[in-house]
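First up is the structure itself, then whatever we jot down about it.
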Amino acid sequence: MTDISSPSAAGATWASSAGEQDDEELFSRHLERRPESAGAARRLVSSAFRSWGLESAEDEGRLIVSELVGNAVEHARYSRILVIVTRVQPDLVKISVVDRSGALPEPHEAGPWEESGRGLSIVDALCGGRWGVDQLGWGKCVWVLLETGGADR
């Protein structure tokens with residue numbers, strides 16, 4: 001994985017992690033902090049899920065990353081974000097969005113006429129409450145653990 005500030009890391013990358021688990025696989029991509037980047041993030045999730053044979057959970061993963069990127073576009077600072085999709089177990093995928101804002105996401109109940117404010121509630125429902133935020137010295141990482149049911153094959 002490359003540093004979020006790296007200007008040359010605009011493309012998607014795949015790597016086997018030498019971290020805690022030898023079988024951990026990840027896809028990552030630096031994106032501009034703009035609404036159009038949600039589409040690129042969805043394509044990254046699709047690529048990851050399809051490569052792992054997890055197509056049955058692909059729609060949930062795409063919706064989750066759309067909401068997380070949407071929040072980063074709306075609330076973060078600086079021009080770039082980092083999206084990371086990691087298969088941490090055969091039936092568990094971690095979707096993360098890293099940005100340079102220290103402001104923490106705050107779920108709230110949107111009224112029936114409000115046009116926004118439901119994203120984290122949707123994410124929470126899709127992942128069964130398995131999401132969180134890691135504060136970094138220069139920003140944050142919002143992550144979701146999505147149970148996938150394992151490989152479709």
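Computed from a predicted structure; not experimentally measured.
- Val98 places none of its side-chain heavy atoms less than 4.5 Å from the side chain of Ile81.
- Contact check for Leu82 versus Ser28: side-chain heavy atoms found under the 4.5 Å cut-off.
- Lys140 meets the side-chain hydrogen bond (donor to acceptor under 3.5 Å, both in side chains) test with Asp99; sequence neighbours excluded.
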Check your understanding: Run the side chain to side chain contact (heavy atoms under 4.5 Å, CB included) check on Arg42 and Val65 step by step: do they pass?
Key -> CA-CA 6 Å; Arg42 287 190 297 272; Val65 80; 4.1 Å; yes

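- Here the side chains of Val83 and Val69 are in contact, with some heavy-atom distance below 4.5 Å.
- Using a 4.5 Å heavy-atom cutoff, the side chains of Trp52 and Val93 are in contact.
- Residue Val97 comes nearest to Ala72 through the heavy atom pair CG1-CB, 4.0 Å, listed as atom of the first residue, atom of the second, then distance.
- Closest heavy-atom contact between Leu31 and Ala40: CD2-CB, 3.7 Å.
- By the salt bridge (charged side-chain N to carboxylate O under 4.0 Å, His left out) test, Glu58 is found to be paired with Arg50, residues two or more places apart in sequence or in another chain being considered.
- Between the Arg77 side chain and the Ser101 main chain, no donor and acceptor come within less than 3.5 Å of each other.
- Contact between Val144 and Cys127 at its shortest, heavy atoms only, is CG1-CB, 3.4 Å.
- Residue pairs that meet the side chain to side chain donor-acceptor pair (under 3.5 Å) test with at least one member in residues 32-41, sequence neighbours left out, are Glu32-Arg80.
- Of all heavy-atom pairs between Arg62 and Val45, the closest is N-CG1, 3.7 Å.
- Contact check for Ile95 versus Trp131: no side-chain heavy atoms found under the 4.5 Å cut-off.
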Practice item. Kindly determine whether Leu146 and Ile64 satisfy side chain to side chain contact (heavy atoms under 4.5 Å, CB included), including the steps that lead there. Key: CA-CA 9 Å; Leu146 178 63; Ile64 287 168; 4.1 Å; yes

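- For the atom pair Leu54 CG and Thr148 OG1, the distance stands at 4.5 Å (nearest 0.5 Å).
- Annotation: side chain of Phe27 is not in contact with side chain of Ile84 (no heavy-atom distance under 4.5 Å).
- Considering only heavy atoms from C-beta on, Leu120 comes within 4.5 Å of Asn71 through its side chain.
- Trp138 and Tyr78 have their aromatic ring centers separated by at least 6.0 angstrom.
- Between the CD atom in Glu60 and the CD1 atom in Ile122 there is a gap of 13.0 Å [rounded to 0.5 Å].
- Nearest heavy-atom pair across Lys94 and Trp143 is CE-CB, 3.6 Å.
- Residues Val85 and Leu26 form no side-chain contact, since every pair of their non-hydrogen atoms from C-beta on lies 4.5 Å or further apart.
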